[in-house]
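Quick one: the structure is below, questions incoming.
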Amino acid sequence: MEELRLEKLKSLKEKGINPYPYRFDFTDFIGDLRKRYETDPKGETVSVKGTAKRVSRVEEGFVIRLADENLEILVFTEEQVEPKKEYVFEGKLLRIEGKLSVVDAKLSSEAKDKIKEIKEKYDKEPDREEVAVGGRVVAIREMGKAIFGHIQDLSGKVQIYLRKDILGEERFEFFREYIDLGDILGVKGKLFRTQTGELTVEVEDFQLLSKCLHPLPEKWHGLRDVELRYRQRYLDLIANEEARRIFILRSKVLSLLRQFFDSKGFIEVETPILQTVASGAAAKPFVTYHNYLEMNLFLRIAPELYLKKLVVGGFPRVYEIGKNFRNEGVDRTHNPEFTMVEFYASYWDYNDLMKFTEEFFVYLLENTLGTLKLEYEGKELDFTPPFKRARYFELLEEKTGKDKSFFLGDVERVREFAKEIEVKHADRLTHAKLIDKIFEKVAEEDLVQPTFVIDFPKIISPLAKTHREDPDLVERFEFIVATYELANAYTELNDPFDQKERFVEQIKEKEMGDEEAMDMDEDFIRALEYGLPPTAGEGIGIDRLIMLLANTDSIREVILFPHLRPS
RNA sequence: GAGCCGGUAGCUCAGUCGGUAGAGCAGCGGCCUUUUAAGCCGUUGGUCGCGGGUUCGAGUCCCGCCCGGCUCACCA
């Protein structure tokens, strides 16, 4: 902590001022002010003339403050220009961090628009409305008898303007003396626009709402150190607009997801995370210990079996959004705890689920990014339905020249083939795992566009219903986007005798060395004996979905507090 | 687990061949009533991740450890 800020804290208390007051009467979040007085352009082409007041280098090119008749607009360009000279730029009009900006701008010869007219169109006059807003002080610019600054909340930033003649000597000096960058401040005053057109609160009164005892990260570069950004995510959120954007997006996706599922007659439920048998997926669980019961419990690897028990119980459509825990390696696309939505619908089969999935993605994309074509790691992904469909064994045959009967035939010949194409540990994998690994190795990497891979081999799908046209297959699909498995779904196996046999097969697999093979859940079999209606179920990985929408290549960027070793 | 890269001021980063540890921002003291990466003048600030070694001398070279990133493995 900073010595000086601690002294201020002490001095405030001595003056009888509580640096941590109980409440603040505010009228708006900052973003609401902006919504009221500003509309967002939609990327229309404009060309404007003005003087380059400041040229700043950023990662890709330059940001220019272009001024005409004292009104300013930001220009993002790769063109190199000199300050204080006049230029004409043509580009797309967008609002970036609250400011009207011409992006992808190129030098041009003729200006068809005036900055003044653009501003009048999108920035309305606030008519000195009286407002009270709170936020963290992120900039202070002293100007003698006036002070400018910015306060920020999650919804945005707004400029504050303090004048000695309005506040009076004592309050003005109090601000200079006691308010630091990082403090939470409440201000009351009138909204106006400055000469350059920026929405600003002319402060009539202010109150310290909480003292910040540490200096803030650097204002221009933000907080870059990845380790610090994850360990102290609050600082990341204060300093980096991109971090705020991603987690607001994540929240929006969850909200849209609930809206969509609720509107389709699904009921949201919660099932146990602590389980005595961790089943429903192929993975190694975390183990924990219950002191009172004196027994080991597992953190769930999937909610699947519980959700199907609910369908048996008469819930026709259920969904659960929740964490699953898998005791596996950690990398760019795997976190030991991750969020899934898993859902089940009576009377549906996997064809219904594919339609539903298409509809869901369209709903999600239109309400977040506003487009069905999104850019991910330099590639354009097109979510216009219908999505591509590819049969599992047809893909395999296309890539290897070997057909289904080969892969499902003699295990040793499959093993030989796996060794040939350098599948790791081919000599000790079970038949099921061999096929799975060969598929991952040869087929998955080419699946960039959204694709339903359908009709998986039965031996790697112990909970899926046998294919109605082929006893070697099950009615299952994985939804693959940008080579990642985004969803996994099937027509549910509801024959208790078949299910029991499949579990027995899994136990054999486990005995043959597959640690991830599924455990038998006796109560689940009993539930099936009471009758599970025809049902289809699906799980969608929320973290990977957010990665896709946010265009980020690391799962840690979309998890607020990713796991790190203690420092 | 292995390889590579990184850890230097609160933050973002430089630091050459081993020779007294730097910049910008933030901070502090001034000037400035429409500024906005404000500007101008002055100025404080270091366990160079930790421990050991080589050397007259180590941020720099060597060894070990810790934390992070990337890649490959493990998990399977």
Side-chain angles (χ1 to χ4, degrees), chain A residues 1-5 7-8 53-58 62-65 67 70-72 74 97-99 137-150 157-167 172 176-177 180-182 192-200 202 212-232 235-236 238-240 282-285 326-332 334 336 418 422-430 432-434 436-437 440 460 509-510 512-517 553-554 556-557 562-567:
Chain A
M1 281 182 291
E2 275 201 336
E3 199 68 33
L4 213 92
R5 294 190 182 209
E7 278 169 25
K8 289 181 186 177
K53 277 188 75 177
R54 174 182 283 274
V55 180
S56 314
R57 179 178 285 280
V58 291
F62 302 90
V63 182
I64 298 161
R65 282 174 51 208
N70 257 335
L71 281 171
E72 285 180 14
L74 289 183
E97 288 198 50
K99 294 184 179 178
V137 178
V138 292
I140 295 175
R141 295 178 292 276
E142 276 193 48
M143 289 272 305
K145 295 186 183 63
I147 300 170
F148 285 92
H150 276 91
K157 254 187 252 185
V158 71
Q159 183 164 250
I160 56 174
Y161 177 44
L162 297 92
R163 295 171 56 129
K164 198 173 202 168
D165 56 0
I166 291 175
L167 283 165
F172 192 79
R176 285 180 20 110
E177 191 76 14
D180 292 308
L181 275 183
F192 76 110
R193 287 190 185 279
T194 58
Q195 278 184 13
T196 56
E198 176 155 2
L199 196 65
T200 304
E202 190 181 79
C212 175
L213 298 174
H214 293 274
L216 284 189
E218 209 245 6
K219 65 182 170 192
W220 187 240
H221 299 93
L223 187 67
R224 287 289 175 81
D225 186 319
V226 214
E227 193 178 344
L228 277 184
R229 286 185 45 231
Y230 298 159
R231 284 193 201 281
Q232 294 177 271
L235 284 184
D236 188 31
I238 292 168
N240 298 326
K284 284 212 296 188
R326 297 187 182 175
N327 207 339
E328 296 166 353
V330 177
D331 63 33
R332 257 183 34 244
H334 296 83
E422 294 176 334
V423 168
K424 307 275 167 12
H425 310 287
D427 46 342
R428 44 189 175 94
L429 290 176
T430 61
K433 280 280 173 190
L434 277 170
D436 206 20
K437 290 290 149 190
E440 277 176 23
I460 62 171
E509 289 276 310
K510 197 156 217 165
M512 284 164 71
D514 181 355
E515 285 186 66
E516 286 187 335
D553 66 351
S554 169
R556 296 182 194 102
E557 295 293 339
H563 186 74
L564 297 175
R565 284 193 164 86
S567 55

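A, B, ... follow the sequence lines: proteins, then strands. Residue 1 opens every chain. No experiment lies behind these values; they were computed from the predicted model shown.
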Exercise for the section: Check whether the side chain of A:Glu198 and the base of B:rU35 form a donor-acceptor pair under 3.5 Å. Expected result: no

Handout entry: Phosphate OP1/OP2 of B:rC28: any A:Lys8 side-chain N/O under 4.0 Å
Key = yes

Exercise for the section: Grab the CD-P distance between A:Glu2 and B:rA9 for me, whole Å please. Expected result: 15 Å

Practice task
Could you tell me the separation between the CD1 atom of A:Ile238 and the C1' atom of B:rG10, rounded to a whole number of Å?
Solution key: 13 Å

Problem - Residue A:Glu7 excluded, over 12 heavy atoms near CD under 6.0 Å - result: yes

Practice task
Taking only the side-chain nitrogens and oxygens of A:Arg141, find out if one of them lies under 4.0 Å from OP1 or OP2 of B:rU35.
Solution key: no

Practice task
Give one of base, sugar-phosphate or nothing for A:Lys284, where a contact means two heavy atoms less than 4.0 Å apart.
Solution key: sugar-phosphate

Problem - Under 3.5 Å on both distances, the Watson-Crick or G-U partner of B:rU12 - result: B:rA23

Problem - Closest listed nucleotide, where the reference is the side chain of A:Asp180 and the choices are B:rC28, B:rA37, B:rU34 - result: B:rC28

Exercise for the section: Return the value, rounded to whole Å, for the distance between atom CZ of A:Arg65 and atom C1' of B:rG39. Expected result: 11 Å

Exercise for the section: Would you tell me if any nitrogen or oxygen in the side chain of A:Arg54 comes within less than 4.0 Å of OP1 or OP2 on B:rA37? Expected result: yes

Practice task
Have a look at A:Arg5 and say if it touches a base, only the backbone sugar-phosphate, or nothing, with a 4.0 Å heavy-atom cut-off.
Solution key: nothing

Exercise for the section: Could you tell me whether A:Gly222 contacts a base, only the sugar-phosphate backbone, or nothing, with contacts defined as non-hydrogen atoms closer than 4.0 Å? Expected result: sugar-phosphate

Exercise for the section: Check salt bridge (Lys or Arg N to Asp or Glu O under 4.0 Å) between A:Lys510 and all other residues, then give those that pass, not counting sequence neighbours. Expected result: A:Asp519

Exercise for the section: Check every strand shown and say whether A:Asp436 touches a base, only sugar-phosphate, or nothing at a heavy-atom separation below 4.0 Å. Expected result: nothing

Exercise for the section: Kindly say if A:Lys219 contacts the phosphate of B:rC11, meaning a side-chain N or O under 4.0 Å from OP1 or OP2. Expected result: no

Fill in the blank from the handout: Paired to B:rG68 by Watson-Crick or G-U wobble criteria (both distances under 3.5 Å) is B:rC5

Practice task
Could you tell me whether A:Leu4 contacts a base, only the sugar-phosphate backbone, or nothing, with contacts defined as non-hydrogen atoms closer than 4.0 Å?
Solution key: sugar-phosphate

Practice task
Would you check if there is a donor-acceptor pair between the side chains of A:Arg193 and A:Gln159 at a distance under 3.5 Å?
Solution key: no

Handout entry: Phosphate contact (B:rC70 OP1 or OP2) by A:Arg556 side-chain N/O below 4.0 Å
Key = yes

Exercise for the section: Using a heavy-atom cut-off of under 4.0 Å over every strand shown, decide if A:Leu564 touches base, sugar-phosphate, or nothing. Expected result: sugar-phosphate

Exercise for the section: Determine whether any donor atom in the side chain of A:Arg224 lies under 3.5 Å from an acceptor atom in the base of B:rU12, or the reverse, and answer yes or no. Expected result: no

Fill in the blank from the handout: Answer for the Watson-Crick or wobble partner of B:rA37, both distances under 3.5 Å, is none

Practice task
May I ask you to say what A:Lys510 touches in the nucleic acid, namely base, sugar-phosphate or nothing, with a heavy-atom cut-off under 4.0 Å?
Solution key: nothing

Handout entry: Presence of A:Arg229 side-chain N/O under 4.0 Å of B:rG68 phosphate oxygens OP1/OP2
Key = no

Exercise for the section: Take atom CD1 of A:Ile147 and atom C1' of B:rC31, then tell me their distance rounded to the nearest Å. Expected result: 14 Å

Exercise for the section: Both distances under 3.5 Å, Watson-Crick or G-U wobble: report the partner of B:rC28, or none. Expected result: B:rG42

Practice task
State whether A:Arg565 places a side-chain N or O below 4.0 Å from either non-bridging phosphate oxygen (OP1 or OP2) of B:rG68.
Solution key: yes

Practice task
Calculate the interatomic distance between A:Glu218 atom CD and B:rA37 atom C1'; express it in whole Å.
Solution key: 9 Å

Practice task
Using a heavy-atom cut-off of under 4.0 Å over every strand shown, decide if A:Lys164 touches base, sugar-phosphate, or nothing.
Solution key: nothing

Practice task
Respond yes when some side-chain nitrogen or oxygen of A:Arg163 is under 4.0 Å from OP1 or OP2 of B:rU33, and no when none is.
Solution key: no

Problem - Base paired to B:rA73 (Watson-Crick or G-U; both N/O distances under 3.5 angstrom) - result: none

Exercise for the section: For the residue pair A:Tyr230 and A:Glu557, confirm or rule out a side-chain donor-acceptor distance under 3.5 Å. Expected result: yes

Problem - Atom-to-atom span, NZ of A:Lys145 to P of B:rU35 - whole angstrom - result: 17 Å

Handout entry: With sequence neighbours excluded, residues passing salt bridge (Lys or Arg N to Asp or Glu O under 4.0 Å) with A:Lys145
Key = none

